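Take a look at the structure below.
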Amino acid sequence: MGEQTHIVADFIPDINDPYIWRDEDIGEFIYETDLVILRMRESCPMGADREADYIVAAPYRVSFMAGGERREITVPKGMLTDLTSVPRPFRWLVERVGPHLEAAIVHDFLFIAWQDVGREATRDDWLFANRVMIEGMKTARIRPWICWIVAWALSTQFSWNLYADRNPPPRYVDLDEAPTKTQGFDPDDSDERLMA
């Protein structure tokens, strides 16, 4: 399996509380930055029943209107993800990768961040995470009937149980310490340099 010294079980990046607008109506969802996903040569030790072997390789920002102001959520660089969390029997309907992926990554973050900002799992925060997912899917122009099916799936007891169950570490990888060999990309590049 190789050396895993870059995985620090208790590493948590600096995170702003993303749930503070949970009671506001949200709209005008915008993907502010590109989503950059990394799959390292060596797998991340997540346990036998977890598939999170992908990493958000650069801070990923989305924004939306809430309470009359533009608000922002930043998914931190280093977050582990399984891409779109779809049970295997339903992947014929919604695949792990597609135009919904960007919304799913934000949703993944909102499903774990409560643990890392000192909150307890609440139904209001869970509902907010699900609303953000659906708004992101609408912005990505996902067919309305698929949005409806996903919204239904997110409203189930199974979804709540996934949300409320503490995810054991590691949830993040310290990419500044990871022995990556990614040619031509520096996750710390500024937006201006990437656009040049």
Side-chain angles (χ1 to χ4, degrees), residues 1-20 22 31-62 72-88 91 94-98 100-122 125-126 128-130 132-133 136 153-154 158-183 185-189:
M1 190 167 188
E3 191 174 335
Q4 301 286 337
T5 57
H6 60 280
I7 303 295
V8 178
D10 59 355
F11 173 72
I12 299 172
D14 291 330
I15 299 171
N16 293 324
D17 187 343
Y19 308 98
I20 58 178
R22 71 177 190 192
Y31 294 105
E32 297 288 351
T33 60
D34 295 328
L35 173 62
V36 181
I37 298 290
L38 171 68
R39 185 160 192 252
M40 297 179 72
R41 293 168 290 128
E42 297 178 16
S43 63
C44 299
M46 297 295 294
D49 61 339
R50 295 174 68 189
E51 296 180 349
D53 55 354
Y54 295 88
I55 304 167
V56 175
Y60 176 54
R61 294 184 300 115
V62 300
E72 189 172 280
I73 293 175
T74 301
V75 177
K77 174 179 80 171
M79 184 189 82
L80 293 163
T81 179
D82 63 351
L83 305 178
T84 303
S85 305
V86 179
R88 288 183 194 276
R91 289 184 185 166
V94 178
E95 297 180 28
R96 291 177 72 197
V97 177
H100 53 277
L101 177 61
E102 286 84 352
I105 295 297
V106 178
H107 191 252
D108 275 2
F109 173 61
L110 293 173
F111 259 51
I112 64 169
W114 60 269
Q115 299 162 90
D116 303 316
V117 296
R119 297 176 78 95
E120 293 298 318
T122 68
D125 291 348
W126 170 65
F128 172 71
N130 295 341
V132 168
M133 172 76 175
L154 294 176
F158 177 75
S159 172
W160 164 251
N161 291 345
L162 285 176
Y163 177 84
D165 188 25
R166 288 191 170 272
N167 294 83
R171 292 184 289 274
Y172 307 92
V173 172
D174 186 352
L175 286 177
D176 294 332
E177 299 297 321
T180 57
K181 290 187 177 179
T182 306
Q183 192 171 1
F185 173 72
D186 179 356
D188 291 322
D189 283 344

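All values derive from a computational prediction rather than experimental measurement. Hydrogens, waters and symmetry mates play no part in the numbers below; they use all other heavy atoms, side chains included. Quick note: residue numbers are just sequence positions, from 1.
Looking at Gln115, its side chain never comes within 3.5 Å of a backbone N or O of Arg166 through a donor-acceptor pair. Between the side chain of Thr81 and the backbone N or O of Tyr54 there is no donor-acceptor pair closer than 3.5 Å. Judged by distance alone, with hydrogens and angles left aside, the side-chain atoms of Asn130 form a donor-acceptor pair with the main-chain N or O of Leu154 at under 3.5 Å. At distances below 3.5 Å, not a single donor-acceptor pair connects side-chain atoms of Tyr19 with backbone N or O atoms of Ala129. With hydrogens and angles ignored, the 3.5 Å screen pairs no side-chain donor or acceptor of Tyr163 with any backbone N or O of Ala121.
A distance of 8.0 Å separates CG in Leu35 from OG1 in Thr33, rounded to the nearest 0.5 Å. With values rounded to the nearest 0.5 angstrom, Ile20 atom CD1 is found 11.0 Å from Asp125 atom CG. The distance from the CG atom of Asp17 to the CD1 atom of Ile73 is 9.5 Å, given to the nearest 0.5 Å. Separation of atoms OH (Tyr60) and CD1 (Ile37) is listed at 8.5 Å; rounding is to 0.5 Å. Thr122 contributes atom OG1, which lies 4.5 Å from atom CZ of Arg22 (distance to the nearest 0.5 angstrom).
Across all their heavy atoms, Trp114 and Phe111 have their closest contact at NE1-O, 3.2 Å. Closest approach of Ile55 and Leu80 over heavy atoms only: CG1-CD2, 3.7 Å. The two atoms that bring Ala57 and Leu175 nearest to each other are CA-CD1, 3.8 Å, heavy atoms only. Looking at every heavy atom in both residues, Val56 comes nearest to Ile105 through CG2-CG2, 3.9 Å. Taking both residues in full, the closest heavy atoms of Phe109 and Pro76 are given as CE1-CD, 3.3 Å, listed atom of the first, atom of the second, then distance.
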### Message
With side-chain contact (heavy atoms from CB on, under 4.5 Å) as the criterion, how do Lys77 and Asp176 come out once you've worked through the C-alpha distance, each side chain's angles and the decisive distance to 0.1 Å?
### Response
CA-CA 10 Å; Lys77 174 179 80 171; Asp176 294 332; 2.9 Å; yes
### Message
Determine whether Leu38 and Val173 satisfy the following criterion, side-chain contact (heavy atoms from CB on, under 4.5 Å), listing intermediate values before the conclusion.
### Response
CA-CA 11 Å; Leu38 171 68; Val173 172; over 6 Å; no
### Task
Please step through side-chain contact (heavy atoms from CB on, under 4.5 Å) for the pair Thr74 and Arg61, ending with a clear verdict.
CA-CA 4 Å; Thr74 301; Arg61 294 184 300 115; 3.3 Å; yes
### Message
Test side-chain contact (heavy atoms from CB on, under 4.5 Å) on Glu102 and Val62; report intermediate values, then the result.
### Response
CA-CA 9 Å; Glu102 286 84 352; Val62 300; over 6 Å; no
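Heavy-atom contacts from other residues, nucleotides or ligands closer than 6.0 Å to CG of Asp14 number 12 or fewer.
For the residue pair Tyr172/Asp116, the side-chain donor-acceptor check at 3.5 Å is satisfied. Between the side chains of Ser159 and Trp126, at least one donor N or O lies within less than 3.5 Å of an accepting N or O.
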